[in-house]
Trainee: 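The structure is given below, and queries will be raised subsequently.
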Amino acid sequence: MQLPELARALERAAQALGAGDELEVRLERPKDVGHGDLATNLAMLIAGRLGRVPRELAEELLGALDLPALHIEHAEVAGPGFLNFRISRDYLRDQLREICRADQDYGRSSWGVGHLFNVEFVSANPTGPLHVGHGRGAAVGDAIARLLEFTGHKVQREFYVNDAGAQIDKLIDSVHARYRQLQGHEESIPEGGYHGVYVTELASQLRAEQSNRLDGEWGSPERQLVRRYTLQRMQDEQREDMRAFRVEFDEFRTESSVYESGQIEATLAELQARGLIYQREGAQWLRTTTFGDDKDRVLVKSDGSCTYFLPDIAYHRDKAQRGFEVAIDVWGADHHGYVPRMKAAMDALGLGRDFFEAVIVQLVRVERSGEEVKFSKRAGEFVTLTDLIEEVGTDVTRYFFLERGPQQQMVFDLDLAKERSEKNPVYKVQYAHARLRSVYRRGGIDPTQIELDIDLSPLVQPEALELTKTLLDFPDTVAAAARSREPHRVTAYLDGLANQLNSWYHMGTRNHALRVLGQEEHVTKARLVLARAAEVVVRNGLWLLGIEAPERM
RNA sequence: GCGCCCGUAGCUCAAUCGGACAGAGCACUGGGCUUCGGACCCAGGGGUUGGGGGUUCGAAUCCUCCCGGGCGCGCCA
């Protein structure tokens with residue numbers, strides 16, 4: 001909750017006391033309701049600079065404020081020098097109308113100028129189905145994209161397809177081995193190959209469709225055929241998996257297209273022109289140490305082929321050339337060591353240190369009955385994202401992935417995920433929404449027609465006012481989540497909101513005079529405005545997470 | 001060995017760029033209730049925030065040193 005006029009007035013008052021120009025007045029909502037609705041530590045911040053006692057300064061700041069004009073009905077100095085403000089109840093209640101009017105736009109903001117972001121996530125090798133780790137990356141990436149869109153930016157969701165690497169060759173070898181087995185030959189999956197059942201399925205389908213061409217030895221043309229077929233199949237399946245998870249990409253960019261476009265050479269030439277490439281032991285190195293990396297990196301190996309790093313630089317350079325101002329990559333924790341060199345490379349290209357950002361997502365451990373459910377791609381038994389979605393649903397899966405900070409290692413508790421009660425936080429939040437919708441239905445009310453220009457003074461219960469204040473925190477929460485690339489702040493907010501909302505609602509089950517419906521008309525009307533505002537916030541919050549706000553459950 | 005991330009209630013996790021008394025859920029204990037949706041409600045116990053030291057009016061948060069865990073340290077991808 002913010003009161004910009006109050007913040008500005010405090011800033012002017014502080015400057016008048018000689019605190020200087022570089023002030024950022026922050027008003028925060030105290031955890032303890034006894035400390036008022038908003039508080040600031042401004043006096044303590046400037047006390048050191050001015051060599052004064054914080055509490056005295058706080059008194060002077062307070063004296064400089066025209067409280068009624070700022071919608072403050074009470075203010076005091078407290079503790080070591082906090083200024084606590086109590087906002088006029090009428091002003092608070094007025095804000096409920098604004099929430100309802102803004103409806104699906106409530107919580108939107110436009111910090112910054114509306115930048116163009118590229119958010120790249122999942123980017124799995126096209127060598128098999130997506131697993132739970134990809135799911136977490138997808139949930140986080142998509143939520144970050146939604147947060148950025150909601151805060152005034154333009155966002156492209158992108159998936160990078162590593163279709164040119166050695167992993168594909170291993171997959172083709174594995175398919176070949178399975179194919180031979182189907183023909184009755186003794187054959188085993190090569191070292192480092194893929195054992196999943198889908199490999200056998202691929203081989204079997206290929207045999208059914210192309211046996212006239214593939215039953216003999218596989219030369220170059222045959223391998224090309226299998227490669228194209230396999231890549232297409234894997235990409236289609238991954239795209240379908242993502243669609244089921246409610247994630248739609250704007251762009252699938254392939255590594256091979258980076259090679260074909262000539263950008264590899266162009267990138268290398270640009271780095272050379274900048275004098276950042278040198279030869280050593282027959283290889284070409286990039287001076288990443290100049291830009292904070294701990295060692296220089298090879299771009300072109302002594303055998304003339306390039307490392308994985310070079311096309312990756314070229315690809316990210318291309319993002320800048322396509323007009324993106326910030327490129328955010330969501331990476332698994334196993335790639336975190338790669339971050340400094342990529343930042344260094346972008347810096348080397350003159351794109352600055354802030355062009356490239358990595359969001360590191362920690363690994364997921366799945367448990368059932370307290371036991372880890374193993375997933376090992378190599379052994380061929382792994383929990384695919386699709387398995388997980390089929391078992392617990394997209395909403396639950398997304399919520400669980402977005403419940404913890406990206407850097408937090410997480411345990412995915414399958415038993416809790418399958419729980420269909422308020423023990424399960426997802427249901428708690430969705431249920432809060434469904435309840436409000438249910439109130440409208442029961443009352444025969446069209447929620448879009450709820451009257452707003454009415455007297456809201458019947459909203460006097462502390463629970464109702466606390467709820468109102470929480471609703472007013474939503475835009476700040478969203479902005480902070482977007483800025484820090486931490487969608488879990490929204491999840492945590494919704495969890496707290498749902499608790500408040502549910503207990504507000506339950507007051508009515510204990511005391512019917514506190515229900516929305518069945519009161520004197522002016523009371524019901526006022527409570528409907530609060531209910532509507534709450535519904536708007538829950539709905540918008542869930543939208544940011546990519547989770548449905550159900551009409552009924 | 002070096003680097004990054006993490007360590008918060010028995011368990012899984014929060015904690016508003018350093019704020020006031022560290023919060024939820026699960027589990028546990030004790031009450032209550034039959035629905036404006038009971039797919040429950042209320043209350044309670046539970047913590048030296050891994051440990052020591054430091055900075056600060058104030059530290060879970062910042063610095064430092066230990067302990068414990070994860071990941072990474074190729075002319076692999």
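Residue numbers start from 1 in every chain, and the chains themselves are labelled A, B, ... in the order their sequence lines are given, proteins ahead of strands. Everything quoted here is computed from the prediction, not taken from an experiment.
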Trainee: Please name the nucleotide paired to B:A9 by Watson-Crick or G-U wobble geometry with both distances under 3.5 Å, or report none.
Mentor: none
Trainee: Rounded to whole angstrom units, what separation is found between the CG atom of A:L414 and the P atom of B:U12?
Mentor: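 Result: 15 Å.
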Trainee: Tell me what A:Y427 touches on the nucleic acid: a base, only sugar-phosphate, or nothing, going by heavy atoms under 4.0 Å.
Mentor: nothing
Trainee: Please name the nucleotide paired to B:G30 by Watson-Crick or G-U wobble geometry with both distances under 3.5 Å, or report none.
Mentor: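 Here B:G30 is engaged in a pair, and the nucleotide opposite it is B:C42.
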Trainee: Please state the P separation for the pair B:A15 and B:G74 - nearest whole angstrom.
Mentor: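 Taking atom P in both B:A15 and B:G74, they lie 34 Å apart.
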Trainee: Heavy atoms under 4.0 Å, any strand shown: does A:G405 hit a base, just sugar-phosphate, or nothing?
Mentor: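 Here A:G405 touches the backbone only, sparing every base.
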Trainee: Say you pick atom C1' in B:C65 and the same atom in B:C71; how far apart are they, in whole Å?
Mentor: 23 Å
Trainee: Please determine, for B:C17, whether a Watson-Crick or G-U wobble partner exists with both distances under 3.5 Å, and give it or none.
Mentor: none
Trainee: Measure centre to centre between the rings of A:F159 and A:F121, then say whether the value is under 6.0 Å.
Mentor: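 For A:F159 and A:F121, the ring centres are not under 6.0 Å apart.
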Trainee: Can you list every ring pair (Phe, Tyr, Trp, His ring centres under 6.0 Å) pair that touches residues 494-532 of chain A, not counting sequence neighbours?
Mentor: none
Trainee: With P as the reference atom in both, quote the distance from B:U16 to B:U61 in angstrom, rounded to an integer.
Mentor: 12 Å
Trainee: Using whole Å, what does the distance between atom C1' of nucleotide B:G69 and atom CZ of A:R365 come to?
Mentor: 12 Å
Trainee: Report, as a single string ordered 5' to 3', how protein heavy atoms within less than 4.0 Å touch nucleotides 70-77 of chain B: B base, S sugar-phosphate only, - not at all.
Mentor: SBSS-BSB
Trainee: Pick out which of A:E551, A:R532, A:E535 makes a side chain to side chain donor-acceptor pair (under 3.5 Å) with A:Y440.
Mentor: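 It is A:E535, the one option of A:E551, A:R532, A:E535 that forms the side chain to side chain donor-acceptor pair (under 3.5 Å) with A:Y440.
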Trainee: Looking only at atom C1', what distance separates B:G1 and B:C62, rounded to whole Å?
Mentor: 27 Å
Trainee: Identify every side-chain donor-acceptor pair in residues 41-51 of chain A under 3.5 Å, counting partners at least two apart or on other chains, and give the distances.
Mentor:
residue	atom	partner	partner atom	Å
A:R49	NH1	A:A19	O	2.8

Trainee: Show every salt bridge (charged side-chain N to carboxylate O under 4.0 Å, His left out) that has at least one partner inside residues 158-168 of chain A, sequence neighbours left out.
Mentor: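 Applying salt bridge (charged side-chain N to carboxylate O under 4.0 Å, His left out) to every pair that reaches into residues 158-168 of chain A, excluding sequence neighbours, yields A:E158-A:R322.
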Trainee: Is there a side-chain contact between A:R552 and the phosphate of B:G37, meaning an N or O under 4.0 Å from OP1 or OP2?
Mentor: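 So the side-chain polar atoms of A:R552 never come under 4.0 Å of the phosphate oxygens OP1 or OP2 of B:G37.
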Trainee: At 4.0 Å (heavy atoms only), tell me whether A:S484 reaches a base, stays on the sugar-phosphate, or touches nothing.
Mentor: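 Since no nucleic acid heavy atom lies under 4.0 Å of A:S484, the category is nothing.
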Trainee: What's A:M410 touching, base or sugar-phosphate or nothing? Going by heavy atoms closer than 4.0 Å.
Mentor: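 If one applies the 4.0 Å heavy-atom cut-off, A:M410 turns out to touch the sugar-phosphate alone, with no base involved.
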Trainee: Between B:G25 and B:U64, how far apart are the C1' atoms? Round to whole Å, please.
Mentor: 36 Å
Trainee: Expressed in angstrom and rounded to an integer, what is the separation of A:M507 atom CE from B:C42 atom C1'?
Mentor: 13 Å
Trainee: Looking at B:A59, which nucleotide sits across from it as a Watson-Crick or G-U wobble partner, both distances under 3.5 angstrom, or is there none?
Mentor: none
Trainee: A:V516 near the nucleic acid: base, sugar-phosphate alone, or nothing, with a heavy-atom cut-off under 4.0 Å?
Mentor: base
Trainee: Report the base-pairing partner of B:C71 (Watson-Crick or G-U wobble, both distances below 3.5 angstrom), or none.
Mentor: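 Paired with B:C71, as far as the under-3.5 Å criterion goes, is B:G3.
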Trainee: How far does the C1' atom of B:G45 sit from the matching atom of B:G10, given to the nearest Å?
Mentor: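 Result for the C1' pair: 13 Å, nearest Å.
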Trainee: Are more than 12 heavy atoms from other residues, nucleotides or ligands located less than 6.0 Å from atom CD of A:E191?
Mentor: no
Trainee: Mark yes when over 12 heavy atoms from residues, nucleotides or ligands other than A:D334 sit less than 6.0 Å from its CG; otherwise mark no.
Mentor: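 It does: A:D334 CG has more than 12 such atoms within range.
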Trainee: Determine which pairs satisfy salt bridge (charged side-chain N to carboxylate O under 4.0 Å, His left out) with at least one residue from residues 486-502 of chain A, sequence neighbours left out, and list them in order.
Mentor: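 Of all non-adjacent pairs touching residues 486-502 of chain A, those that pass salt bridge (charged side-chain N to carboxylate O under 4.0 Å, His left out) are A:K428-A:D495, A:E486-A:R489.
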Trainee: Please state how far atom CD in A:Q500 lies from atom P in B:C42, giving the value in whole angstrom units.
Mentor: 13 Å
Trainee: For each nucleotide in nucleotides 16-26 of chain B, reading 5' to 3', give B when a protein heavy atom comes within less than 4.0 Å of its base, S when such contact involves only the sugar-phosphate, and - otherwise.
Mentor: BB-BBB--SSS
Trainee: How far does the P atom of B:C5 sit from the matching atom of B:A24, given to the nearest Å?
Mentor: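 Their P atoms lie roughly 30 Å apart.
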Trainee: Between A:W331 and A:F356, is the ring centre distance below 6.0 Å?
Mentor: yes
Trainee: Expressed in whole Å, how much space separates the C1' atoms belonging to B:A77 and B:U48?
Mentor: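 Straight-line distance between the two C1' atoms is 47 Å.
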Trainee: Could you check whether A:R227 pairs with A:D169 (Lys NZ or Arg NE/NH1/NH2 to Asp/Glu carboxylate O, under 4.0 Å)?
Mentor: yes
Trainee: Could you check A:Y278 against A:R287 for side chain to side chain contact (heavy atoms under 4.5 Å, CB included), going step by step and ending with a plain yes or no?
Mentor: CA-CA 8 Å; A:Y278 64 91; A:R287 275 183 218 288; 3.5 Å; yes
